[in-house]
Amino acid sequence: MLDPKLLRNQPDDVATLLAHKNYQLDVIDFKNLEKKRKKIQIDTETLQAERNAKSKQFGRMKAAQEDTAQLKKTLDVMSQQLKQAESELDMLKKIIENKELDIPNIPHKSTPIGKNETDNHIIKHWGTPHAFDFDIQDHVALGKLYGLDFEAGSKLSGARFTVMRGGIATLHRALTQFMLNLQIKQGYEECYTPYLVHENALKNTGQLPKFEIDLFKIQTNNETQAHYLIPTAEVPLTNLAANKILDLAQLPIKLTAHTPCFRSEAGSYGRDTRGMIRQHQFDKIELVQITHPDESFSALEEMLCHAENVLKALNLPYRVAALCSGDLGFSAAKTYDLEVWLPGQQKYREIASISNCTDFQSRRMQTRFKNMTGKIELVHTLNGSGLAVGRTLVAILENYQTNEGHIHIPTALQPYCNGLTILK
RNA sequence: GGAGGGAUGGCUGAGUGGUCGAAAGCACCGGUCUUGAAAACCGGCAUGGGUUAGUAGCCCAUCCAGGGUUCGAAUCCCUGUCCCUCCGCCA
């Protein structure tokens, strides 16, 4: 959520910034609602103050055994008026709050302005795509040889589900362990969290109320409150700090977790239907940092390095994109994407996304800290992949293939593979 | 699944209808004392919102959440959530 004061005091400036994110803020509507709110709130609070004063007087008179009949009459009337005023105010506040929950974070000034992914800035390349002197295969053809079973996945659960067996399953598991260990070494605390969360957790990180369609919702018969499958571990990890006032000394908090992620992929029909690039369920190592507001942009650079180090250790060529304003996610002020080279597609494909959400999430979930002067301030939250496991597996299959259709296992993963060095 | 107990400020914990935003202790901050520190003593110390030029003042709200009773609710009633203890079941 944006700072309501900023929205109130400089709605036109905010609208301009949001336009860069392809979001149109209805300034006139907003100003009108605010004007109404202000009037009703002042009226209501004045009435409340009067009621409070008279009620106290009532108590005093009662204690002194004076006659309170006249005063009670006045208070009866006031009480009725108040009920109406309060409910009117509540309704208006709800309307405004619901609108505010739909407004995305504003892009940071270092985020390049642009319409869509074609305007992203490629800021760096690492490694060179391997030149193969034979006809290469894509991960679908290669994976099938070693236990990647798309048919079994769709038989069990439909499109966009995959079963992994044998060598592929080992490689996938080795990747998660390798990545987790690396992130722990880079200073993150390893966590295991629930994969089902309440609506509120998703509201805090910005997936709800706007993007419910992207989520899997679980509703059992005897439950009053639904659960949602997490679309990313960003949700449980970031929410660990919800409703807390942290000590300055606790910052930054650095967390990592290996979890499955569940996404309905509504609106991406027909995209990436082949292979395991876009699945309803995939594993990811997530990184989260909770930082002092002054430190968040340096933390973003640091997290980018932490993600890059995974690809470097696996010797996979990649590039880094600074997302333009129009391609930014809902909660992000600035985002870097890591794109790995996929020989099978002759393309760089997103394998990690690292974002600074500034105070957008912390305001929603009330995560604050006491600064040096004892004043309470909102923290900044960041999240990033370290990395998406399924897509890394795809990259390894395609980048490490041989003429015979074998797969070399990267040295960094071999300690986790029970002596396996090659899939053949 | 059955039976009971509970949820109060950063923490512990008192408070069963009015003057309670809330005792006390701990923690924290400032001061006195001290060569310095500790101890002791004195003082300060909840959050959100509104108004405002204001991190001044004033006002409103908040004692798990949502409803209700009442002129008035931390306190009484209803519903929900979460936690704890015992029994049952269970990886």
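Numbers restart at 1 for each chain; the letters A, B, ... are given by sequence-line order, proteins then strands.
- Listed candidates were U69(B), A61(B), C71(B). Nearest to the side chain of Arg51(A) is A61(B).
- At a cut-off of 3.5 Å, with distance as the only test, no side-chain donor of Lys54(A) or Thr74(A) sits close to an acceptor on the other residue.
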- Message: So if I define the base as every atom that isn't primed, P, OP1 or OP2, how would nucleotides 47-59 of chain B read as a B/S/- string at a heavy-atom cutoff under 4.0 Å?
- Response: SSBSSS------B

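- Remark: the separation of the C1' atoms in C78(B) and C26(B) is 38 Å, to the nearest Å.
- Judged by distance alone, the side chain of Gln361(A) and the main-chain N or O of Thr238(A) form no donor-acceptor pair under 3.5 Å.
- Between the OG1 atom of Thr256(A) and the NZ atom of Lys254(A) there is a distance of 11.5 Å, given to the nearest 0.5 Å.
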- Read 5' to 3' with Watson-Crick or G-U pairs under 3.5 Å, [ ] for crossing pairs and | for partners on another strand, RNA chain B gives ((((((((.[[[..)..(.....]]].(((((.......))))).((((((.....)))))).[[[[[..)....]]]]])))))))....

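- Between Leu82(A) atom CG and G72(B) atom C1' there is a gap of 12 Å when expressed in whole angstrom units.
- Atom name P, nucleotides A74(B) and U55(B): the rounded distance is 28 Å, in whole Å.
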May I have the list of side-chain donor-acceptor pairs in residues 36-48 of chain A shorter than 3.5 Å, sequence neighbours left out?
{"unit_1": "Arg37(A)", "atom_1": "NE", "unit_2": "Gln41(A)", "atom_2": "OE1", "d": "3.1"}
{"unit_1": "Arg37(A)", "atom_1": "NH1", "unit_2": "Glu34(A)", "atom_2": "OE1", "d": "2.3"}
{"unit_1": "Arg37(A)", "atom_1": "NH1", "unit_2": "Glu34(A)", "atom_2": "OE2", "d": "3.3"}
{"unit_1": "Lys39(A)", "atom_1": "NZ", "unit_2": "Asp43(A)", "atom_2": "OD2", "d": "2.8"}
{"unit_1": "Gln41(A)", "atom_1": "NE2", "unit_2": "Glu45(A)", "atom_2": "OE2", "d": "3.2"}
{"unit_1": "Thr44(A)", "atom_1": "OG1", "unit_2": "Ile40(A)", "atom_2": "O", "d": "2.6"}
{"unit_1": "Thr46(A)", "atom_1": "OG1", "unit_2": "Ile42(A)", "atom_2": "O", "d": "2.6"}
{"unit_1": "Gln48(A)", "atom_1": "NE2", "unit_2": "Glu86(A)", "atom_2": "OE2", "d": "2.9"}

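- Using modelled atom types, one finds no donor on one side chain facing an acceptor on the other under 3.5 Å when comparing Glu50(A) with Gln81(A).
- Separation of the C1' atoms belonging to G18(B) and G25(B) is 28 Å when rounded to the nearest angstrom.
- With rounding to whole Å, Gln250(A) atom CD is found 10 Å from G10(B) atom C1'.
- Spacing between atom CG of Asp247(A) and atom P of C28(B) amounts to 10 Å, rounded to whole angstrom units.
- You'll find the ring centres of His408(A) and Tyr400(A) outside the 6.0 Å limit.
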- Item | Derivation of the ring-ring contact (aromatic ring centres under 6.0 Å, His included) call for His380(A) and His292(A) | CA-CA 6 Å; His380(A) 281 191; His292(A) 189 286; 8.5 Å; no

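- Residue Ser79(A) places none of its side-chain N or O atoms closer than 4.0 Å to OP1 or OP2 of U70(B).
- Nucleotide A65(B) holds its P atom 11 Å from the CG atom of Asn243(A), rounded to whole Å.
- Taking the centre of each ring, Phe262(A) and Tyr195(A) stay at or above the 6.0 Å mark.
- Taking 4.5 Å as the limit, every side-chain heavy atom of Lys21(A) sits out of range of all side-chain heavy atoms of Leu17(A).
- Going from atom NZ of Lys62(A) over to atom C1' of U19(B) covers 17 Å, rounded to whole Å.
- As rounded to whole Å, 8 Å separates atom C1' of G72(B) from atom CZ of Phe58(A).
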